[in-house]
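Structure record follows, encoded as C-alpha cells.
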Protein chains: 4
Amino acid sequence: MYVLTPKEKEAKKQLIAAAASKLFQKNDFNQISMAQIAHESGVAKGTLFNYFKTKENIFMYLLLSGYQDYLKEVLQRFQKAENITSWNDFAAFLLEQNHLLIHQRPDLLRLNALRGPILEAAADREQTLAGREKLYEINRQLGQAISERIILLDVKQASHLFIIQSAIISGLMNMMNLDEFHHDQLPVDFKGFQIDLEQEANQIMLFYLQGLQQKLEGTK
Amino acid sequence: MYVLTPKEKEAKKQLIAAAASKLFQKNDFNQISMAQIAHESGVAKGTLFNYFKTKENIFMYLLLSGYQDYLKEVLQRFQKAENITSWNDFAAFLLEQNHLLIHQRPDLLRLNALRGPILEAAADREQTLAGREKLYEINRQLGQAISERIILLDVKQASHLFIIQSAIISGLMNMMNLDEFHHDQLPVDFKGFQIDLEQEANQIMLFYLQGLQQKLEGTK
Amino acid sequence: MYVLTPKEKEAKKQLIAAAASKLFQKNDFNQISMAQIAHESGVAKGTLFNYFKTKENIFMYLLLSGYQDYLKEVLQRFQKAENITSWNDFAAFLLEQNHLLIHQRPDLLRLNALRGPILEAAADREQTLAGREKLYEINRQLGQAISERIILLDVKQASHLFIIQSAIISGLMNMMNLDEFHHDQLPVDFKGFQIDLEQEANQIMLFYLQGLQQKLEGTK
Amino acid sequence: MYVLTPKEKEAKKQLIAAAASKLFQKNDFNQISMAQIAHESGVAKGTLFNYFKTKENIFMYLLLSGYQDYLKEVLQRFQKAENITSWNDFAAFLLEQNHLLIHQRPDLLRLNALRGPILEAAADREQTLAGREKLYEINRQLGQAISERIILLDVKQASHLFIIQSAIISGLMNMMNLDEFHHDQLPVDFKGFQIDLEQEANQIMLFYLQGLQQKLEGTK
DNA sequence: CATGAATGAGCTTTCATTCAT
DNA sequence: TATGAATGAAAGCTCATTCAT
C-alpha cells in the first residue's frame with residue numbers, strides 16, 4: 001500500500017483527529033503536544049504532518065468537522081420530528097439541542113473560544129476555508145429545512161440561530177467557574193459568579209426566541 | 001525612597017500591565033513574549049518576575065483589573081444617571097454599556113475567552129483570588145445600586161446581569177469573523193456567518209431583558 | 001549605631017552564617033538561594049554582601065569556622081582527658097571523635113566535598129586564606145598537645161591525623177547511599193554498596209592507627 | 001537507516017558523554033553549560049535532551065559508565081595476573097589500582113564527590129538505577145574472581161574493597177590542596193595540610209589491608 | 001508513505017549581585 | 001550601614017517542524 005486512496009487518507013486523518021480529541025477532553029490546548037498526539041494515535045510524529053500542516057490545523061479540523069457532525073445530527077433530528085411546525089414546537093426543539101451541545105459536544109464550545117485567538121493564527125488557510133464551506137453548506141441546509149416548516153423564519157434567519165446558540169453557550173462557558181480556580185473550588189462564596197450552564201443557556205435562548213418571534217410577527 | 005510604598009508598587013505593576021495591554025491590542029497572547037513586555041515597559045526582564053510570577057498572571061491581572069475598571073465606570077455612570085428608575089430606562093442604560101464594553105474594552109472580551117483554557121492553567125492562585133474578590137465586591141456594589149432603583153431586581157439578579165452581558169458579547173466574539181481568516185476576507189459569501197457584534201449583542205440583550213421583566217413581573 | 005564595632009560585625013556575620021547553616025541541614029547547596037538566607041537571617045539581601053562577597057564565601061566560612069570549632073572542641077576534650085598517654089588510649093580517643101564528627105558535624109563533611117569543585121571557584125581568596133590560617137593554627141596546637149603526650153607522634157604527624165580522619169569520613173560519605181536514590185530506598189538489593197558510616201570509619205581509622213604505630217615504632 | 005539501533009543510540013550517548021567528559025577535565029560542573037556540551041559534541045542542544053533528560057544525568061552517566069569501565073579493567077588485569085594468589089600479592093595488586101584510578105580516572109573521583117550533593121538531586125531515577133545495577137553486577141563479578149583466589153575474602157568482602165578504595169581516594173581528594181587556592185599556591189606554609197595523594201592513599205590502603213588480614217585470620 | 005532522529009529558535013525563569021536611596 | 005528594587009546574563013529546556021532514510 002504505497003499509495004493511499006482518498007478514503008484511506010481521510011480515515012487516517014480522522015484517526016489522528018480522534019486522538020487529539022481524546023486528549024483534548026482532559027487537557028488544554030497548550031498542554032497537548034504533537035508527540036502525545038502521535039503516541040495516542042499510534043503513528044509517528046512525522047506522519048502527523050503528512051495530514052495536517054500544523055498543530056493548530058488539527059484542532060481547527062476538530063472544530064469544523066465536529067460542528068458539521070453536530071449540525072448534521074440536528075438536521076436529522078429535525079427531519080425526524082415531523083410534528084414540529086409551530087414556533088413553540090421549534091423553540092422547544094432548539095432548547096433540546098442546547099442540551100445536546102452542552103453535554104455531548106463541550107469540546108466544540110471550548111474550541112470556539114480558541115479559534116480566533118489561538119488556532120487561526122497558525123492554521124492553514126486552505127484547509128480551514130474548505131472546512132468552513134462544508135460547514136456553511138450544512139448550516140444552510142438546516143436553515144432551509146427549518147424555514148420550510150417555520151413560517152416566520154427565512155433560510156438565513158434559521159441558519160443564523162445556530163450561530164447565536166453557539167455564541168450564547170460558549171460565551172457562558174467563558175464566564176463559568178469564576179468561583180473555581182483551575183478546577184478547585186475557591187474558599188469564597190461567589191454567588192453572583194455562579195452559572196448553571198444549561199439552565200442559563202435555556203433561559204437566554206428562550207427569551208431570545210420569544211423576542212425574535214414578536215419582532216418577526218411585528219414586521220410581517 | 002528606595003523602598004517602594006504599596007502604591008508605588010501597584011503603579012509599577014500597572015506600568016507593566018499597561019505595556020502588556022498595549023501589545024495585546026495588536027497581537028495574540030501566544031505571540032507576545034516576556035521579552036517584548038519588558039522592552040515595551042522599559043524594565044528588565046527580571047523585574048517582570050518581581051511583580052508577576054508568570055506571563056499568564058500579567059494577563060489575568062489585566063482581565064481582573066480591567067473588569068474592575070469597567071464595572072466601576074458603569075457604577076459611576078449609573079449613579080450619575082439619576083433619572084433611571086424604570087425598567088425601560090435601565091434596559092436602555094444596559095445597552096449603552098454594551099457599546100462601552102465593545103468599543104472601549106474589547107481586550108476584556110478577548111481575555112475572557114482565554115481565561116479558562118489558557119490563563120488559569122499557569123496563573124497564580126493567590127493573585128487571582130485576590131483580584132476576583134475585589135471584582136466580586138464591585139459587581140455586588142453595582143448590583144446593589146441598581147436594585148435600589150429598579151424594583152424588580154434584587155442585588156444578586158442585578159449583579160448577575162453583567163455576567164450575562166459579558167457572556168453574550170464574548171460569546172459573539174467567539175463566533176465572529178467566520179467569513180474572514182486571520183483578518184483577510186474570505187473569497188466566499190458566508191452570509192449566515194456574518195455577525196454585527198454590537199447590533200447582535202443589543203438584540204440578544206434586549207430580548208433577554210424583556211423576557212426577564214415578564215418573568216419577574218409574573219412571579220411577583 | 002552607624003559604625004559597627006568589630007565585635008558587632010562578627011556577630012552579624014555569624015548570624016548570617018548560622019542561617020545558611022540551618023538551611024544547609026535540609027537542603028543542598030544549589031537549592032539554597034541568597035534570598036532564602038536573607039529571609040532566614042532576618043536581614044536584607046543586600047546586607048549579605050556587606051559581610052560576604054559571594055554566596056560561596058558564606059559556605060566557605062561555614063566550613064572553616066565549623067572546623068575551627070570542631071578542632072577546638074577536640075583539643076578541649078583531649079586536655080580534659082589527662083589520662084590519655086598511651087597509643088591505645090589515643091586511638092580510642094580518636095575513634096570517639098569520629099562519632100562526634102559524624103553525628104554532630106555532618107555539615108562539615110558535606111562541605112568538604114563541595115569545597116574544591118564548587119566553593120573554591122567563586123570564594124574570596126583573602127577571606128578564605130584568613131580562615132585557613134586560623135584553622136591551621138588550631139590544627140597545629142592540637143597536634144602539639146597530642147605530641148606532648150603521645151611519644152610516637154611529632155606535631156606534624158599528630159596534626160595530620162585530623163586531615164586523614166576527615167578524608168576517610170567524607171570519602172565514605174561520598175560513597176554512601178548507593179542503595180538509595182535521593183533519599184528513596186532503591187527496589188534493589190545492593191548489599192556490597194551498603195556502608196555503615198561510623199562502623200566503617202572506625203574500622204579504617206583503627207587499622208590506620210595500628211599500621212601507623214607499627215611503622216613509627218619500626219623507624220624509631 | 002534512519003531508525004537507530006540500540007547500539008547506535010548508545011554510541012551517540014557516549015559521544016555526548018565523551019564531550020562532557022572532555023570539558024570536565026578542565027572545568028568544574030557548574031562552569032559547563034549544555035550549550036558547550038552541544039557544541040563540543042557537534043549536535044544540537046535539543047539532541048542532548050533526546051539522550052539525557054537533564055544535565056546532571058549526563059554526569060551521572062559519566063560516573064556510572066566510567067566506574068564500570070574502571071572495574072572491568074581491574075577485572076581484566078586481575079585475570080591476567082594469574083600469579084596473584086596470596087594476600088600480599090593481592091595487596092600489591094590493589095595498590096597498583098590506586099595508581100590507575102588516580103592517574104587515569106581522576107574524573108571519577110571528582111564525580112564521586114558531586115554525586116550526592118549535586119547530581120542526584122536532578123538526575124533521572126530510572127537511568128541512574130539501571131546504571132547502578134550494571135555497576136553492581138561488575139563489582140560482584142570482580143569480587144567473585146578475587147574471592148576464588150584469595151582465600152580469606154568472600155565475594156562481598158572482596159567487592160566491598162573497591163568501595164573502600166574509592167572512599168579513601170576521593171576523600172583524600174576532598175582534603176587536598178588546602179595549601180592552594182583555586183590552583184594558586186598560597187603564600188603560607190601549610191605543611192600539615194599537604195597531601196601527596198597517591199602516597200597517602202597507598203598508605204591508608206596498605207594499613208587497611210593489613211588490619212583486615214589480621215582480623216580475618218583471627219576470626220577464621 | 002511512514003518513520004523518528006535531529007534540529008534550534010525560542011521560551012520562561014532564576015538568582016547572585018549591584019546600587020540608589 | 002541597611003535596604004530591597006532592579007538588573008540582565010545565562011541557564012536549562014521544549015516542541016513544532018523538517019527531512020534523510
Side-chain angles (χ1 to χ4, degrees), chain A residues 1-4 8-9 12 30-39 42-58 122, chain B residues 1-5 8-9 12 30-38 42-58 122, chain C residues 1-4 8-9 12 30-39 42-58 122, chain D residues 1-5 8-9 12 30-38 42-58 122:
Chain A
M1 184 206 334
Y2 231 78
V3 176
L4 298 187
E8 288 167 324
K9 279 193 174 182
K12 186 155 266 184
N30 276 338
Q31 293 165 16
I32 299 171
S33 71
M34 291 300 264
Q36 278 177 63
I37 296 173
H39 179 82
V43 305
K45 245 196 292 185
T47 305
L48 300 182
F49 291 85
N50 290 342
Y51 293 88
F52 297 96
K53 287 194 185 169
T54 66
K55 177 186 170 188
E56 284 79 6
N57 249 333
I58 299 180
Chain B
M1 180 189 341
Y2 215 65
V3 178
L4 300 188
T5 63
E8 288 169 321
K9 279 194 174 182
K12 184 150 264 181
N30 277 337
Q31 292 164 18
I32 299 171
S33 71
M34 291 299 262
Q36 279 177 63
I37 296 172
V43 304
K45 238 195 294 186
T47 304
L48 298 183
F49 291 87
N50 289 343
Y51 291 88
F52 296 98
K53 288 192 188 168
T54 64
K55 178 186 167 187
E56 283 80 4
N57 250 331
I58 300 181
Chain C
M1 182 205 333
Y2 232 77
V3 176
L4 298 188
E8 288 168 324
K9 279 193 175 184
K12 187 155 264 183
N30 277 338
Q31 293 165 17
I32 299 171
S33 71
M34 290 301 263
Q36 278 177 63
I37 297 173
H39 179 82
V43 304
K45 246 197 292 183
T47 305
L48 300 182
F49 291 87
N50 290 341
Y51 293 87
F52 297 97
K53 287 194 185 168
T54 65
K55 178 187 170 187
E56 284 78 6
N57 250 333
I58 300 180
Chain D
M1 176 193 343
Y2 216 65
V3 178
L4 301 189
T5 63
E8 287 169 321
K9 280 194 174 182
K12 183 149 266 181
N30 277 338
Q31 293 165 17
I32 299 171
S33 72
M34 291 300 262
Q36 280 177 61
I37 296 172
V43 304
K45 237 195 298 184
T47 304
L48 298 183
F49 292 87
N50 289 343
Y51 291 88
F52 297 97
K53 288 191 188 170
T54 65
K55 179 186 167 188
E56 284 79 6
N57 251 332
I58 301 181

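Letters A, B, ... are given to chains in the order of the sequence lines, protein chains preceding strands, and every chain is numbered from 1.
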Not counting sequence neighbours, which residues clear salt bridge (Lys or Arg N to Asp or Glu O under 4.0 Å) with A/Lys12? List them please.
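A/Lys12: no salt bridge (Lys or Arg N to Asp or Glu O under 4.0 Å) contacts found.
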
List for me each residue that meets salt bridge (Lys or Arg N to Asp or Glu O under 4.0 Å) alongside A/Lys9, sequence neighbours excluded, and say none if there are none.
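Partners of A/Lys9 by the salt bridge (Lys or Arg N to Asp or Glu O under 4.0 Å) criterion come out as none, since no residue qualifies.
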
Closest of E/dA6, F/dT1, E/dT13 to the B/Thr54 side chain is E/dT13

E/dT17, F/dT1, F/dT17: which one has an atom nearest the side-chain heavy atoms of C/Phe49?
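Closest nucleotide among those given: E/dT17.
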
Name the residue closer to the 5' end of DNA chain F, choosing between C/Leu48 and A/Ala122 according to the nucleotide with the nearest heavy atom.
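In this pair, the answer is C/Leu48.
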
Could you say whether B/Asn50 or D/Glu56 is positioned toward the 5' end of DNA chain F, judged by the nucleotide with the nearest heavy atom to each?
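Result: B/Asn50.
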
Tell me: [atom1] of [X] to [atom2] of [N], nearest whole Å?
X	N	atom1	atom2	value
C/Lys9	F/dT1	NZ	C1'	9 Å
D/Leu4	F/dA20	CG	P	15 Å
D/Glu8	F/dA20	CD	C1'	14 Å

Quick check: on DNA chain E, is the nucleotide nearest D/Tyr51 upstream (toward 5') of the one nearest B/Thr47, or the reverse? Name the residue that is more 5'.
D/Tyr51

Need to verify one output field. Residue with the more 5' nearest nucleotide on DNA chain E, C/Lys53 or A/Lys12?
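So the residue in question is A/Lys12.
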
Give, for atom CE of D/Met34 and atom NZ of D/Lys55, the distance between the pair rounded to the nearest 0.5 Å.
8.0 Å

Check [X] against [Y] and note the closest heavy-atom contact, atom names and distance.
X	Y	answer
C/Gln36	C/Gln31	NE2-O, 3.1 Å
C/Phe52	C/Ile58	CG-CG1, 3.5 Å
B/Glu8	B/Leu4	OE1-CA, 3.3 Å

Detail all sub-3.5 Å separations between protein N/O atoms and N/O atoms belonging to nucleotides 9-11 of chain F.
none

Please round to 10 degrees the angle between the axis of the first five pairs and the axis of the last five pairs in the helix from E/dA2-F/dT21 to E/dT21-F/dA2.
10°

Would you list the atom pairs, donor with acceptor, under 3.5 Å between side chains in residues 42-51 of chain A and any protein atom, with sequence neighbours excluded?
none

